[in-house]
Amino acid sequence: MLLFREKIPADWLPKVLSNINAVLVDHAHLERKAATSALNLEKYRDLYERVDDLNSIAIEELQHFQLVLALLKKRGVPFGQPFPSPWITALMRSVRNGQRAQVIDHLICCSLIEGRSCEKFQALAAALSPIEPELSQFYASLVESEGNHYATYILMARAIDDPETDRRLDFYLDLDATLMRQPNPHPILH
Ligand SMILES: [Fe+2]
Ligand SMILES: [Fe+2]
């Protein structure tokens with residue numbers, strides 16, 4: 001289902017596993033931002049009819065946010081400041097202006113973020129299974145939901161303009177691959 005043209009860098013998993021508490025703080029912010037992104041998409045005229053679907057995604061992301069906050073509490077980790085993600089910043093910076101162009105690009109960016117989350121949560125669930133089974137199960141439990149968000153956003157873009165979605169997806173998958181190859185020393189999911 002996922003169309004990525006570059007693998008997750010080999011140093012990502014060890015970096016994340018050795019900083020798991022910091023990563024959970026980053027993850028909490030990621031879910032918070034996913035909820036606000038779903039709500040932000042409701043500003044586009046082309047998505048007015050999808051407001052219920054977008055609200056459902058926002059509610060789900062807010063529930064994920066709550067779950068991560070509960071995990072932080074349980075582990076005695078304070079909810080702190082997020083690290084900015086160079087990958088997300090670069091994706092969002094290339095969203096074009098203009099109603100139609102902007103909504104397609106914004107949906108594709110949201111979709112790729114959900115898709116990479118889905119892929120990374122799967123990798124984390126597998127790697128954590130022998131060392132932190134409870135956390136492993138938590139990550140495994142999010143995979144399907146983030147995968148659905150990935151698919152929903154792409155289908156929303158396709159319903160607005162299918163050929164344009166293909167063109168922009170081609171651009172964004174190349175951009176994602178280029179960005180994936182750039183070093184990122186911070187203990188963050190993206
Ligand atoms: Fe989520
Ligand atoms: Fe999501």
Side-chain angles (χ1 to χ4, degrees), residues 1-4 8 12-13 16 20-44 47 50-75 77 79-85 87-92 95 103-128 132 134-160 165 169 172-173 176 179-180 187-190:
M1 183 185 84
L2 302 175
L3 321 148
F4 294 115
I8 298 167
W12 176 81
L13 194 55
V16 163
I20 200 72
N21 284 340
V23 168
L24 281 168
V25 174
D26 175 62
H27 183 180
H29 283 285
L30 198 69
E31 299 293 357
R32 176 183 61 75
K33 286 182 259 185
T36 54
S37 290
L39 296 177
N40 283 336
L41 287 167
E42 294 172 0
K43 71 184 175 192
Y44 297 111
L47 290 173
R50 309 302 300 270
V51 69
D52 289 334
D53 299 321
L54 289 165
N55 274 346
S56 297
I57 294 178
I59 290 165
E60 242 176 81
E61 302 292 21
L62 206 52
Q63 285 166 343
H64 295 169
F65 181 28
Q66 288 285 90
L67 290 172
V68 185
L69 285 177
L71 270 176
L72 287 176
K73 211 168 270 176
K74 205 169 159 191
R75 298 168 78 95
V77 180
F79 179 58
Q81 266 227 295
F83 278 112
S85 158
W87 176 71
I88 294 178
T89 306
L91 287 181
M92 292 305 292
V95 171
V103 67
I104 297 285
D105 287 5
H106 200 162
L107 280 166
I108 292 174
C109 286
C110 287
S111 170
L112 295 190
I113 295 167
E114 297 290 337
R116 282 293 189 192
S117 291
C118 174
E119 195 184 28
K120 288 176 170 178
F121 291 174
Q122 222 159 1
L124 264 176
L128 284 165
E132 291 220 39
E134 205 183 328
L135 198 54
S136 161
Q137 272 174 13
F138 171 67
Y139 275 105
S141 76
L142 296 180
V143 168
E144 193 185 342
S145 167
E146 310 304 4
N148 284 340
H149 299 158
Y150 159 85
T152 302
Y153 286 145
I154 278 291
L155 291 174
M156 281 182 180
R158 292 203 177 286
I160 295 168
T165 299
L169 202 48
Y172 273 108
L173 288 171
D176 165 77
L179 296 168
M180 271 301 128
I188 55 178
L189 285 164
H190 294 310

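Each ligand, and each atom within it, is numbered from 1 in the order the structure gives. Excluded from the calculations below are hydrogen atoms, water molecules and symmetry mates; all remaining heavy atoms, backbone and side chain alike, are included.
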*Which N, O or S atom name in E114 marks its closest approach to the Fe ion (ligand 2)?*
OE1
*Taking just the N, O or S atoms of E61, which one is nearest to the Fe ion (ligand 2)?*
OE2
*L30 CG to R116 CZ distance, which is reported to the nearest 0.5 Å*: 14.0 Å
*Indicate whether the side chain of S117 and that of E146 have a donor and an acceptor atom separated by less than 3.5 Å.*
no
Tell me which N, O or S atom from [X] is the closest to the Fe ion (ligand 1).
X    : value
E146 : OE2
E31  : OE1
H64  : ND1

*Has H149 got an N/O/S atom less than 2.8 Å from the Fe ion (ligand 2)?*
yes
*asked:* Tell me whether H29 contacts the main-chain N or O of F79 through its side chain, where contact means a donor paired with an acceptor under 3.5 Å.
replied: no
*How are the rings of H106 and Y44 set to each other: parallel, tilted or perpendicular (split at 30° and 60°)?*
perpendicular
*Going by heavy atoms in the side chains, are F121 and H27 under 4.5 Å from each other?*
yes
